[in-house]
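So the structure is just underneath, and the comments pick up after that.
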Amino acid sequence: MNYSNSNYITVFEQWEDQKKFFCFTEKDAENLQKLHTISAQSCDEVVESLYDHLLQFEDVRIFLSNPEMIKRLKESQKQYFLEMTAGDYGEAYYEKRINIGITHKRLGIPPRLYMGAYSYYVQLMLPKIYNHVDFDQKQAQELFLTFFKIINLDQELAISAYVHAVESVVMQQAEEIIAMSTPIMQIWDGIVVAPVIGTLDGQRTQQFMEQLLNQIVETKSTIALIDITGVPQIDTATAQHLIDTINAVRLLGSNVIITGIRPIIAQTLVHLGINLKEIITKPSMGAGLKVALDMLSIKTS
Amino acid sequence: MLVDKLTAQGATGLSITSESDIVACRKVIRDLTTQLGFGMTDVTRIVTSVSELARNVYVHAKVGEMRWNSMRSPGKIGIEIIFEDKGPGIADINQALEPGFSTAKSMGMGLPGVKKLMDELEIVSVDGKGTLVKVKKWAKVK
């Protein structure tokens with residue numbers, strides 16, 4: 001799996017650093033081996049108790065309605081706990097932990113329940129750790145600290161995966177919005193209209209320009225009306241993007257008419273010293289269309 | 001509104017680290033100036049300036065922040081917006097304010113434009129250390 005496009009998820013290459021950041025040392029990996037004995041002994045009991053606890057809650061029961069499913073989940077939960085203390089803490093371990101977060105998100109299980117279950121698990125394990133070392137404070141403390149670190153590492157991966165899952169949706173929606181908000185259509189033989197809604201930033205201009213140029217070639221249009229009624233403000237970067245687009249259209253031998261320049265936009269453009277001298281501009285799309293039809297010598301009455 | 005959320009959190013600043021942060025900067029200032037009572041024309045002037053200055057931060061320094069203070073006294077409202085970055089700095093401020101001068105292959109109309117759009121523009125820049133740009137706009141209200 002590749003998470004390099006995520007701002008939140010730790011990529012495996014960084015995970016070694018992440019372990020250092022969490023002060024997870026070789027010594028901790030050794031301690032976990034000791035903890036594994038406790039885990040293996042008490043695994044069944046802990047998981048049963050955990051599910052008894054979880055199933056008291058209405059909002060958990062929504063996710064765990066089917067007895068078959070509960071049985072299966074208990075099994076994988078046991079696996080999960082056992083792996084936590086017997087892991088190689090390498091790539092496979094890392095992948096699996098991230099997948100847990102992604103799966104939880106997919107099933108719609110909120111982090112609140114995930115963290116809550118963890119808290120209950122810690123509560124059950126603490127007395128068992130003390131028991132195991134015959135209540136030796138120093139040893140218990142050391143083991144518990146290790147236990148705490150691996151849990152934190154685990155939770156960090158799962159929570160980052162949650163965030164990443166949400167982030168992916170947002171990124172996908174952003175792309176869809178960009179594609180949706182630049183419809184380009186032929187409204188007359190030889191004339192295409194491109195209403196721009198929202199801001200024209202770098203990535204969007206690129207897509208807009210591509211779409212417009214393709215549409216012009218496809219429809220063999222000689223005039224493109226770019227309507228900017230829906231653009232809230234134009235700064236120099238937006239103006240530059242517009243001018244670039246117009247120049248590209250001209251290279252195809254077509255003309256551009258900019259329509260929908262509102263009085264406020266006109267004022268700011270003047271203040272910014274932006275010159276649209278060689279470009280035909282009209283206040284409304286209707287006025288722009290009239291000019292286009294005249295240019296094509298199409299009579300309107 | 002974003003600005004209400006930020007105000008509730010006690011924030012008076014936004015960090016600029018990506019192109020979408022420029023959009024956020026515009027949105028906050030648009031909401032804030034509208035709430036303060038600036039007219040549509042002034043709001044557009046201020047927001048356009050924010051767009052220019054936030055983009056300058058992003059393009060030249062990659063990382064920086066925008067902070068704001070609003071002022072309201074009887075008959076008068078005002079906004080002060082500060083952009084700060086630890087980027088390469090501006091070698092010659094007078095040159096940067098000349099229309100058409102650009103080190104980023106862009107129009108070079110941004111800073112001189114902001115000067116016209118806003119009431120006050122103050123630039124402090126240390127070569128290689130960073131830049132602070134402060135702009136202000138005032139309006140009379142009833």
Side-chain angles (χ1 to χ4, degrees), chain A residues 5-8 166-167 169-178 181 196-208 228-247 260-279, chain B residues 15-31 33-34 38-60 63 83 96-102 104-119 121 135 137:
Chain A
N5 61 343
S6 171
N7 291 321
Y8 295 97
V166 178
E167 189 192 27
V169 174
V170 174
M171 285 197 284
Q172 198 191 332
Q173 282 174 343
E175 274 171 30
E176 280 169 16
I177 290 169
I178 286 176
S181 54
V196 184
I197 295 155
T199 35
L200 261 187
D201 283 335
Q203 194 203 347
R204 186 142 173 237
T205 310
Q206 193 55 40
Q207 191 163 2
F208 175 65
I228 56 166
T229 310
V231 179
Q233 74 275 314
I234 295 188
D235 62 1
T236 57
T238 312
Q240 185 63 58
H241 291 323
L242 263 179
I243 292 169
D244 290 348
T245 307
I246 292 164
N247 285 337
I261 298 188
R262 284 171 291 133
I264 295 171
I265 301 266
Q267 281 188 53
T268 35
L269 282 178
V270 170
H271 282 306
L272 287 173
I274 293 165
N275 195 337
L276 297 177
K277 238 182 222 163
E278 306 199 336
I279 300 160
Chain B
S15 61
I16 303 168
T17 58
S18 72
E19 204 167 353
S20 60
D21 291 332
I22 303 173
V23 180
C25 287
R26 280 201 295 259
K27 181 147 181 39
V28 165
I29 298 300
R30 178 176 290 278
D31 292 348
T33 48
T34 309
F38 278 101
M40 264 314 287
T41 310
D42 275 342
V43 169
T44 307
R45 284 181 178 136
I46 298 165
V47 170
T48 306
S49 304
V50 164
S51 196
E52 297 296 343
L53 298 173
R55 187 175 313 266
N56 276 354
V57 169
Y58 175 65
V59 169
H60 296 285
V63 177
F83 294 82
L97 283 167
E98 265 170 41
F101 176 81
S102 172
K105 288 184 189 150
S106 53
M107 278 185 171
M109 306 302 274
L111 269 188
V114 169
K115 199 172 167 162
K116 284 192 209 154
L117 291 168
M118 301 297 282
D119 292 332
L121 166 70
V135 286
K137 188 89 182 165

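Below, chain A is the first sequence line, B the second, and so on; all start at residue 1.
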Is it the side chain or the backbone of A:Pro263 that comes within 4.5 Å of chain B heavy atoms, both, or neither? neither

With the side chain counted from C-beta on, respond yes when B:Arg26 and A:Asp235 share a heavy-atom pair under 4.5 Å apart, and no when they do not. yes

d(B:Ile46 CD1, A:Thr268 OG1) to nearest 0.5 Å is 12.0 Å

Taking B:Glu52 for its side chain and A:Thr236 for its backbone only, find out whether a donor-acceptor pair lies under 3.5 Å. yes

Side chain, backbone, both or neither of A:Gln240 within contact of chain B (heavy atoms, under 4.5 Å): both

Select one option (side chain, backbone, both, neither) describing which atoms of A:Ile265 are under 4.5 Å from chain B's heavy atoms. neither

Spacing of CE belonging to B:Met109 relative to CG belonging to A:Asn275, to within rounding of 0.5 Å: 8.5 Å

If we only count heavy atoms from C-beta on, is the B:Thr44 to A:Arg262 side-chain gap below 4.5 Å? no

Minimum heavy-atom separation for B:Val114 and A:Leu272, please, with both atom names. N-CD2, 4.5 Å

Side chain / backbone / both / neither for B:Val23 at chain A, heavy atoms under 4.5 Å: side chain

Contact class of B:Arg45 relative to chain A, heavy atoms under 4.5 angstrom: both

Who passes side chain to side chain donor-acceptor pair (under 3.5 Å) against B:Glu19, sequence neighbours left out? none

Going by side chain to side chain donor-acceptor pair (under 3.5 Å), name the residues that satisfy it together with B:Thr17, two or more places apart in sequence or in a different chain. B:Asp21

